[in-house]
Amino acid sequence: AHDFNNVLYVILGNVELSLKKISPENPAHKNLSEILAAARRGADVTNRILQYSRVGVEPQGVCDLGEVVAETREFLAATLPSTTQLVLEGEPCGVFVPVAASDLQQVIVNLCTNASHAMPKGGEVRLTFDQGGDGKRLRLSVRDTGEGMAPSLLQHVFEPYFTTKPRGKGTGLGLSVVQGIVRAAGGAIEVESDVGVGTTMHVWLPRAEPASALEVDRQPTRLGRESVLFVDDEPRVARLAQEILESLGYSVEALTSSPTALERFRAEPERFDIVVMDQTMPHLTGDVFAREILRVRPDTPIVLCTGFSENLDGGAWREIGIHSFLKKPFGLEQLGSTVRRALDERRGEEWQRS
């Protein structure tokens with residue numbers, strides 16, 4: 001996962017830089033946009049595999065349920081069989097849940113696709129939304145008019161590799177992935193089924209406030225003039241990050257050796273305004289490197305990046321004193337806004353102390 005996400009990061013970053021250099025009227029603009037979309041889909045696939053394996057670093061993101069449902073409904077309308085009628089009930093617009101948009105889309109697509117498969121002769125898939133009594137939870141339900149399941153099958157539906165589909169027609173991973181996403185968000189999933197009547201999947205999710213990160217991402221990335229130390233043992237990643245950050249106005253020193261970078265920082269600790277580093281590096285991993293940096297200068301804002309690491313599961317990076325965490329592959333705006341936010345928030349803390 002780490003190596004593959006590094007590859008995707010190089011693709012994403014170079015395509016985004018190229019798109020900034022050509023006009024939308026250029027014939028290559030559409031081709032580059034397609035590459036960008038494909039690389040992002042590749043990143044989503046990697047994240048879903050990690051979620052199934054229960055080894056993702058930690059769930060990230062808040063999304064507008066209404067926006068995700070609108071996009072997913074168009075996709076389902078184009079992919080579900082013509083014999084399946086998709087019905088939407090409820091208005092989830094303006095409701096936010098603590099799930100990344102791609103993950104929530106995966107939940108809805110898996111549930112609706114499974115419902116359609118349960119109706120080989122056609123039928124209705126009804127997608128409904130309602131709120132819990134306290135207003136703090138939202139229930140998303142997918143109901144089909146299919147064959148239903150006996151109690152002996154119901155107790156196994158969330159087990160990995162369990163499937164009622166014919167050999168070669170299903171992996172049995174879909175509902176395991178759905179359950180992993182829902183639980184990671186602090187929600188729950190329930191199933192009701194009657195043989196000959198149909199099946200209903202209920203997904204309970206806590207409501208969330210719109211994330212400040214979302215608001216930042218919707219704004220143009222602010223430029224900066226600060227000095228950045230960027231450390232990643234992959235030369236292509238280091239060169240790309242340097243080009244991205246320099247295009248945003250920063251002065252960047254990019255190094256591929258963590259021991260060398262630590263020596264450089266110790267020699268001139270006041271030279272760098274922020275340190276951005278990879279987690280999985282030889283000699284000194286990112287978390288060890290961060291501890292050494294903070295021993296030298298405790299107020300240093302640090303952004304930690306990784307394609308995958310079990311050592312930092314559950315937000316352990318916060319306990320070290322690291323300001324922000326970025327999962328690879330990340331885009332130009334995400335890197336720029338994260339660095340800017342870390343610098344601004346650290347400056348605000350200094351003003352409060354003074």
Side-chain angles (χ1 to χ4, degrees), residues 5 8-10 12-21 36 40 43 57-58 60-63 96 100-101 208-232 237-255 261 264-265 268-279 286 289-290 293-294 297-307 312 315 317-318 320-354:
N5 278 330
L8 289 173
Y9 168 67
V10 173
L12 283 166
N14 279 291
V15 169
E16 286 190 327
L17 286 172
S18 299
L19 284 169
K20 290 172 71 71
K21 296 173 183 176
L36 187 64
R40 285 172 174 164
V57 175
E58 65 175 7
Q60 293 187 15
V62 170
C63 69
F96 289 83
E209 295 298 323
S212 58
L214 278 176
E215 296 165 2
V216 170
D217 289 343
R218 288 171 180 164
Q219 299 171 1
T221 304
R222 289 173 51 208
L223 303 181
R225 289 187 290 183
E226 291 89 345
S227 178
V228 181
L229 175 62
F230 188 93
V231 190
D232 194 300
V237 171
R239 286 195 300 269
L240 175 61
Q242 182 173 10
E243 184 177 356
I244 289 174
L245 291 170
E246 286 181 344
S247 74
L248 297 173
Y250 296 99
S251 171
V252 183
E253 182 165 354
L255 299 174
R264 190 72 53 87
F265 186 86
E268 299 180 89
E270 299 301 325
R271 175 184 170 188
F272 301 103
D273 298 298
I274 188 170
V275 178
V276 184
M277 71 184 88
D278 187 36
Q279 163 61 14
F289 186 89
I293 291 288
L294 293 172
R297 207 182 91 200
D299 65 339
T300 308
I302 296 175
V303 176
L304 188 67
C305 315
T306 188
L312 298 174
W317 52 275
R318 293 191 186 92
I320 297 171
I322 293 168
H323 181 278
S324 304
F325 181 90
L326 272 176
K327 280 186 70 175
K328 294 178 182 175
F330 45 79
L332 184 152
E333 290 187 2
Q334 192 178 5
L335 175 60
S337 62
T338 300
V339 168
R340 186 69 263 157
R341 188 163 59 250
L343 286 165
D344 290 346
E345 290 182 7
R346 183 53 54 90
R347 186 172 292 114
E349 292 172 4
E350 292 173 353
W351 286 342
Q352 287 180 357
R353 286 196 296 268
S354 62

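Using a 4.0 Å cut-off between charged nitrogen and carboxylate oxygen, K328 and D278 count as a salt-bridge pair. Look at E16 and R40 and you find a salt bridge, because one of the NZ, NE, NH1 or NH2 atoms lies within 4.0 Å of a carboxylate O, short of that distance. Here E226 pairs with R340 in a salt bridge; the nearest charged N to carboxylate O distance falls below 4.0 Å.
The line from NE2 of H323 to CZ of R346 is 6.5 Å long, rounded to the nearest 0.5 Å. Atom CG of residue L255 and atom CD of residue Q242 lie 9.0 Å apart, to the nearest 0.5 angstrom. Of the inter-residue distances, the one linking Y250 atom OH with S227 atom OG reads 11.5 Å to the nearest 0.5 angstrom. Note that the CD1 atom of I302 and the CG atom of L294 stand 4.0 Å from one another [nearest 0.5 Å]. Here the CG atom belonging to L335 is positioned 4.5 Å from the CG atom belonging to L245, to the nearest 0.5 angstrom. Atom CD1 in I322 sits 11.0 Å away from atom CZ in F289 (nearest 0.5 Å).
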Margin query: If you apply the rule side chain to side chain contact (heavy atoms under 4.5 Å, CB included), what do you find for L12 with L36, and how did you get there?
Written below: CA-CA 6 Å; L12 283 166; L36 187 64; 3.4 Å; yes

| Checking side chain to side chain contact (heavy atoms under 4.5 Å, CB included) for the pair D232/C305: CA distance, chi angles, key distance, verdict? | CA-CA 9 Å; D232 194 300; C305 315; 5.8 Å; no

Report the C-alpha distance between I244 and V252 in whole Å, list the side-chain angles of each, state the deciding distance to 0.1 Å, and finish with yes or no for side chain to side chain contact (heavy atoms under 4.5 Å, CB included).
CA-CA 10 Å; I244 289 174; V252 183; over 6 Å; no

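In this structure the side chain of T300 reaches within 4.5 angstrom of the side chain of F265, judged on heavy atoms. Here the side chains of V276 and T338 are not in contact, with every heavy-atom distance at 4.5 Å or above.
Contact record, I274 with P301: CG1-O, 3.2 Å, taken as the closest heavy-atom pair. Residues L229 and A261 come closest through the heavy atom pair CD2-O, 4.1 Å. Annotation for A208 and V62: closest pair CB-CG1, 4.2 Å, computed over non-hydrogen atoms. Scanning both residues, K20 and L332, for their nearest heavy atoms gives CD-CD1, 3.6 Å. Smallest separation of non-hydrogen atoms from A342 and S324: CB-OG, 4.3 Å.
Aromatic ring orientation, Y9 versus F330: tilted (interplanar angle from 30° to 60°).
Under the 3.5 Å distance criterion, the side-chain polar atoms of R297 are matched with a main-chain donor or acceptor of F272.
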